[in-house]
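Notes to accompany the following structure.
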Amino acid sequence: MKLDLKRIVVFTADVPGLARFYQDVIGLAVLGREDGWVEFDAGACRLALHHGKPVVGQRPPKLVFFAADVAAAKAMLQRRGAATLGPVKSTTTFDLCDGKDPDGNPFQISSRG
C-alpha cells in the first residue's frame, strides 16, 4: 500500500484572514470550505487551514496521507513499526487516524478526498 501526501494542515486562530492571504496574495484556488476549515489547491499537495490555536514551534503543521482504507493503512504502519497511532475515527464523510513520528510531529492517515 502506497501512502501519498495529500495535504498539509496549518492551524490558525483566524481562518478567514489567513485564507484571504493564501487566496488573494499567494493565488491559491479554494477547493472547499467548511466551518473552521478552508482547503486550497497547492499543486501536487493541498494546503488546509484548520481553526485551532497556533503555537509556533509547539504546534507544527500536520502532514496528512491519503488512504482509501484507513484501518488497513494503520495496520500496515503498525507492522512497519509505527508505535504512536491513535484509534481510527469515523465522521459522516471520511475516516482518519492520528499519529506522531519519532520526533513527535503530528501526521494523519485520512480517507478525505
Side-chain angles (χ1 to χ4, degrees):
M1 176 181 300
K2 180 181 173 203
L3 296 175
D4 291 326
L5 182 63
K6 183 72 171 188
R7 71 184 49 83
I8 297 173
V9 177
V10 174
F11 296 93
T12 178
D14 182 11
V15 173
L18 200 54
R20 280 191 299 275
F21 172 79
Y22 282 104
Q23 183 175 4
D24 299 341
V25 177
I26 301 298
L28 298 180
V30 174
L31 293 172
R33 292 180 191 269
E34 298 172 25
D35 188 33
W37 177 272
V38 178
E39 191 162 0
F40 297 93
D41 181 352
C45 183
R46 295 178 179 182
L47 172 66
L49 305 179
H50 192 307
H51 179 74
K53 186 175 180 182
V55 182
V56 177
Q58 295 180 16
R59 188 164 190 182
K62 181 187 290 184
L63 303 178
V64 181
F65 297 90
F66 176 80
D69 184 337
V70 173
K74 176 185 176 182
M76 176 195 68
L77 293 176
Q78 288 175 316
R79 285 191 302 274
R80 293 180 180 174
T84 56
L85 288 167
V88 174
K89 299 175 187 173
S90 295
T91 73
T92 56
T93 56
F94 63 95
D95 296 331
L96 63 93
C97 177
D98 289 308
K100 294 198 181 234
D101 72 14
D103 281 350
N105 297 305
F107 72 90
Q108 184 177 86
I109 308 160
S110 174
S111 63
R112 181 180 202 150

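- The nearest pair of heavy atoms linking Leu18 to Val10 is CD2-CG1, 4.4 Å.
- For the pair Ala19 and Phe40, the tightest heavy-atom approach, listed with the atom from each and the gap, is O-CZ, 3.6 Å.
- Rounding to the nearest 0.5 Å gives a distance of 9.0 Å between CG of Leu28 and CZ of Phe21.
- Stacking of Arg7 on the aromatic ring of Trp37 is not recorded, the 6.0 Å distance cut-off and the 45° axial limit not both being met.
- In the hydrophobic cluster analysis, where Ile, Leu, Val, Met, Phe, Trp and Tyr join through side-chain heavy atoms closer than 4.5 angstrom, Leu47 is grouped apart from Val64.
- With sequence neighbours left out, the salt bridge (charged side-chain N to carboxylate O under 4.0 Å, His left out) criterion links Asp35 to no other residue.
- Hydrophobic clustering, with ILVMFWY side chains joined whenever heavy atoms are under 4.5 angstrom apart, groups Met76 together with Phe107.
- In this structure, Arg112 and Ser110 approach most closely via the heavy-atom pair N-OG, 3.0 Å.
- Here the shortest heavy-atom pairing between Pro106 and Pro60 reads CD-CG, 3.4 Å.
- Taken together through direct or relayed side-chain contacts under 4.5 Å among Ile, Leu, Val, Met, Phe, Trp and Tyr, Met1 and Phe94 form parts of separate hydrophobic clusters.
- By the rule that hydrophobic residues join a cluster once side-chain heavy atoms approach within less than 4.5 Å of another member, Leu96 and Leu77 end up as members of separate clusters.
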Could you tabulate the donor-acceptor pairs under 3.5 Å formed by side-chain atoms of residues 83-90, not counting sequence neighbours?
residue : atom : partner : partner atom : Å
Thr84   : OG1  : Lys100  : N            : 3.4
Thr84   : OG1  : Lys100  : O            : 2.5
Ser90   : OG   : Asp95   : OD1          : 2.7

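- The two residues Thr12 and Asp14 make their nearest non-hydrogen contact at OG1-N, 3.0 Å.
- The shortest heavy-atom contact between Phe66 and Leu3 is O-CD2, 3.5 Å.
- To the nearest 0.5 Å, atoms CZ (Arg33) and CG (Leu49) are separated by 9.5 Å.
- Qualifying side chain to side chain contact (heavy atoms under 4.5 Å, CB included) partners for Phe11, counting only residues two or more places apart in sequence or in other chains: Val9, His50, Arg59, Lys62.
- By the 4.0 Å N-to-carboxylate-O rule, Asp4 lies close enough to Lys2 to be salt-bridged with it.
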